[in-house]
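Shown next, in structure tokens, is the structure this report addresses.
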Amino acid sequence: VSAAAAAAVTNGLGGGEQAAAAPVSADQLDVEAYAAQYSGRTRVARLLFIAERCGVEAIQLEALRMAHDEARAREDTVLYLDAVLKINSRLGPRYRHDQAWVDSVNRRAEQRKEKLETELNGYRTNLIKESIRMGYNDIGDFFYAHGHLSEAFKSYIRTRDYCTTSKHIVQMCMHVILVSIELGQFAHVTNYVSKAEQTPDTLDAVIVAKLRAAAGLANLETKKYKLAARKFLETGPELGSNYSEVIAPQDVAVYGALCALASFDRSELKSKVIDNINFRNFLELVPEVRELVNDFYASRYGSCLEHLEKLKPNLLLDIHLREHLGTLYNDIRHKAIIQYTLPFISVDLNTMASAFKSSVSMLEKELAALITENKIQARIDSHNKILYARHADQRNATFQRALQTGNEFERDIKAMLLRANLIKHDFNQKNWL
Amino acid sequence: TPLGRSRAHKSTIRRSSRPVSSPPTRRKAASRTAPDQTPESEPSSKGKAPSAAAAAAMESVEALVAHIQGLSGSADELAQLHGLLKQADGDALRAHSAGLLPFLSHLHPGAHSLGYLYLLDSFVSSSANLRAHAGGDLLVTVADFLTSCSADQIRMAPDKFLNVCRVLKNEVMQLNAPIRGIAPLRAAVRKIQTSSEQLTPLHAEYLMLCLLAKQYKAGLSVLEDDIFEVDQPKDLFLYCYYGAMIYIGLKKFRKALELLHNAVTAPMSSLNAITVEAYKKYVLVSLIQSGQVPSFPKYTSSTAQRNLKNHTQIYVDLSTCYGTGSYSDLETFIQSNAEAFQTDNNFGLVKQVLSSMYKRNIQRLTQTYLTLSLEDIASSVQLNTPKEAEMHVLRMIEDGEIHATINQKDGMVSFNEDPEQYKSSEMVEHIDSSIQRLMALSKKLTSIDQNISCDHAFLMKVQSGRERARFDYDDFDSVPHKYF
């Protein structure tokens, strides 16, 4: 572990600072390689995210340095200021707050904006639809490049009235989706994905893949893990690195696999993930995840959970996955436990604990919680530490239910007859006051 | 024999019935005089010498008594007597009510119930009389009358009967001996009911006396009948409230819940205090019985749904606190609001809610574990020591709330399945009687349905509806889906 960390350190950092002894997260992350997967604004945003969440200072500074350079190159003042603030003069004079540069960039931006706006006004008076649309698009792009996301959003939305062909519509939808993802407004993303998918012309396969990936992302962020899994699994391999301004193909694999493990049942897992040829291309990019899925399906829960634990620190640095990681991991673990107990009449808790690599008492507590939620039909013999499957006695249960229904019926009918009688006597309190 | 007497008197009355049968002229003379009196006598209250007037009135009462004795035979006679009594009711009887008591001894409460009732009613209506005879034989007289009166006769004058009963109740309460009123009132309830399904104002009074006297079992006999007919709204609320309190006293929470449910979901256009109190108890009893408070069913009146919770806020908070499952939280909540609960007289119930929390938690454990050590039980239910856990479990086993065995050597409790196999003959009988009961109920329901279908108003409505819109089958969905 420490060798890899040292490699990462010498890889990016010129200052030669020593990596701290392994804290919780990311001692293995190769920041440069990671950032290379993405382009555009998301690269900077992700780098900043990593810097914020990572515990290792070396990697933090590495990420911040790259973010700074990137932001400066893109002339994105918002991100630049953010990066500089976080660097806090730790990286030397070149990375200090350069207000002069910021001002000059802003001045140039103002000029360009005025120019664009006058052009747009010109187009508007001429009432040429196509030029107006392109004018709004240009303004939208301009705003996006400089980090003014909500104005970019508004401009892109305005092009909608001037779209004439379905290609225009698709283009508009893609822009809006991009900005919405950055803004975190995933309701819009779902909206515009469906709008784009409804255009009458057949879409380019790449665009279809992009839309699926975007839809999956939206579902993931709104905690609809099953739908997210389905969308990711339907994403075609044509996606490649074409959508690097939003998502990398490795991400599609990871998100899809984790969501599927957490929410699919066994048959769906087999048909949609393991036997899915398209998705296999994605899984090849992240062999650990592929191993993970296969282990789960083959009931090798110990190694499956081990893989999950290994992946955890890196995944915690992912801008989209972080909040959901806890829930997903819990769900996967619970599914594993439930699947483990399903075929047996009795299970020795000691063997089970060693298979799941946890202590017996912790396991007992987890099992108790699952039984209370009615996910496992079993009872725990706490004295002998055995789990006994419990199959409800159907005959007794039927009698009980019948008697109970009879009682409820009687009670409800009597109350109903009483109420009917009250209404018949025009039971109105005004009368007796 | 009374009959012989009446026959003898019939002749005299027939003779004198001619002048009696022209009441309007007599009425104009503004006094009800006996047939053998001269028509010139004036009302006693208007300027005549009291003694003469009193004498006149006494004689009129005597004549009345004679009428009563004579006319208490058949139904026609009773109708006639009723007419006479209604006329007599008024200034004559009331003004001289003080003197009526000795006349009662001439009458037999069983045979002459109607007349007796009138006299008694006018006597007890005056509070002066009551004060004069407080604690004396009056109570015995009234009680005796109530137990031995004839149901048909008193049903002809229900208001008076109710009045007499109410007076009895007040007297008994004043004497601080509610238990003396129980037997007579129970008889009275049975007598004034036209059918065992009818609710009368007396029900509520009777139940209140039972509560005050702590004779809960006595109240049971009245509560066991199902009520389907109600004339007066106020009666129902009081009946449900007091009845529920009796059931709570007997720890029959399920039946208490039924009554409280009726009180809370009855149709009403404005909230009344009884319903508010009933709802408070409803919350508490639901928590004890099933651990949660069900939401209002859709037939609850909108007034109740909107306003009940506002008036009972701490109870709603209590139920949310209960839902968290933490004993200590609940305890602190109850302590901090103890005064409010005390003023509502619900503190006893609230303490029962608290202890039911343990029971519910332990019951949840039976679903998850086959055997569990006492320490684990203690820690998961938030008890302090395993000894306490053992006490609780033991009590629950004795009350039949869980099926378990305690192994003291290992400190383990084994939870067993419900041993009921549904094969015993008692169970078969129980199921059979349930089926019979439900079939009877179902038949009753169909007959009511048929009656309504033949009702004129209903047919008119359906007719006009048919002209406007078509019905589809959903409108006639008669059985709620949950029974499928």
Side-chain angles (χ1 to χ4, degrees), chain A residues 346 361 364-365 367-374 376-433, chain B residues 197 199 226-234 236 254 257-258 261-262 265-272 297 299 303 364-373 376 380 407 410-415 417-418 420-423 427 430-431 434-435 437-438 441-442 444-445 448 452 479-480 482-483:
Chain A
S346 67
S361 50
E364 201 176 317
K365 285 202 182 61
L367 283 172
L370 284 173
I371 293 176
T372 329
E373 289 167 21
N374 226 4
I376 305 185
Q377 306 294 329
R379 306 262 290 283
I380 302 175
D381 182 345
S382 180
H383 186 48
N384 301 321
K385 300 292 178 221
I386 301 184
L387 181 77
Y388 287 103
R390 170 219 216 176
H391 300 289
D393 184 341
Q394 292 289 17
R395 184 175 171 278
N396 280 0
T398 312
F399 269 106
Q400 261 177 4
R401 217 170 31 242
L403 281 172
Q404 196 186 343
T405 311
N407 283 338
E408 282 176 21
F409 178 78
E410 197 176 349
R411 208 181 52 218
D412 288 348
I413 295 293
K414 283 186 190 166
M416 208 196 312
L417 286 176
L418 177 64
R419 269 197 312 280
N421 183 273
L422 292 173
I423 296 177
K424 184 167 91 170
H425 283 130
D426 204 14
F427 193 75
N428 203 332
Q429 277 180 247
K430 290 189 224 144
N431 293 345
W432 57 275
L433 276 176
Chain B
E197 295 172 353
L199 182 72
D226 299 317
I227 296 294
F228 291 125
E229 283 181 50
V230 179
D231 294 327
Q232 285 294 319
K234 191 167 94 155
L236 177 73
R254 195 179 309 249
L257 215 50
E258 276 181 42
H261 181 83
N262 282 342
T265 58
M268 64 182 96
S269 58
S270 57
L271 212 51
N272 63 50
Y299 46 75
T303 336
R364 215 176 296 146
L365 288 174
T366 64
Q367 292 301 313
T368 322
Y369 288 93
L370 267 180
T371 62
L372 194 57
S373 70
D376 287 335
S380 66
N407 183 335
D410 298 331
M412 281 281 164
V413 179
S414 314
F415 297 116
E417 294 280 352
D418 183 3
E420 178 60 64
Q421 284 294 313
Y422 297 97
K423 286 182 191 153
M427 182 49 78
H430 175 63
I431 296 179
S434 298
I435 295 179
R437 221 171 44 234
L438 288 173
L441 195 59
S442 195
K444 186 184 172 89
L445 195 59
I448 292 184
I452 295 187
V479 181
K482 70 175 175 178
Y483 293 124

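A, B, ... follow the sequence lines: proteins, then strands. Residue 1 opens every chain.
- Heavy-atom distances place the side chain of B/Arg437, and not its backbone, under 4.5 Å from chain A.
- For B/Asp376, the part sitting under 4.5 Å from any heavy atom of chain A is the side chain, from C-beta outward, and nothing else.
- Taking the side chain as every heavy atom from C-beta outward, A/Phe399 and B/Ile431 approach each other to under 4.5 Å.
- For B/Ile448, the part lying under 4.5 angstrom from a heavy atom of chain A is the side chain only.
- Of the listed residues (B/Leu365, B/Leu372, B/Leu441), the one with the most heavy-atom contacts under 4.5 Å to chain A is B/Leu441.
- Remark: A/Lys414 engages A/Glu410 in a salt bridge, criterion side-chain N to carboxylate O under 4.0 Å.
- Under a 3.5 Å cut-off, the side chain of A/Ser346 and the backbone N or O of A/Tyr388 do not form any donor-acceptor pair.
- The residue among A/Asp381, A/Ile371, A/Leu370 with the most heavy atom pairs within less than 4.5 Å of chain B is A/Asp381.
- For a residue to count as touching a neighbouring chain, one of its non-hydrogen atoms must lie under 4.5 Å from one of that chain's; by this rule A/Ala378 touches chain B with the backbone only.
- The environment of CZ in B/Arg254 is sparse: at most 12 heavy-atom neighbours from other residues, nucleotides or ligands sit within 6.0 Å.
- For the pair A/Arg379 (side chain) and B/Thr366 (backbone), a donor-acceptor distance under 3.5 Å is present.
- The candidate from B/Met427, B/His261, B/Lys423 with the greatest count of non-hydrogen atom pairs under 4.5 Å with chain A is B/Lys423.
- Heavy atoms closer than 4.5 Å to chain B are found in the side chain of A/Leu403, but not in its backbone.
- A 4.5 Å side-chain heavy-atom check between B/Ser380 and B/Arg364 finds every atom pair outside the cut-off.
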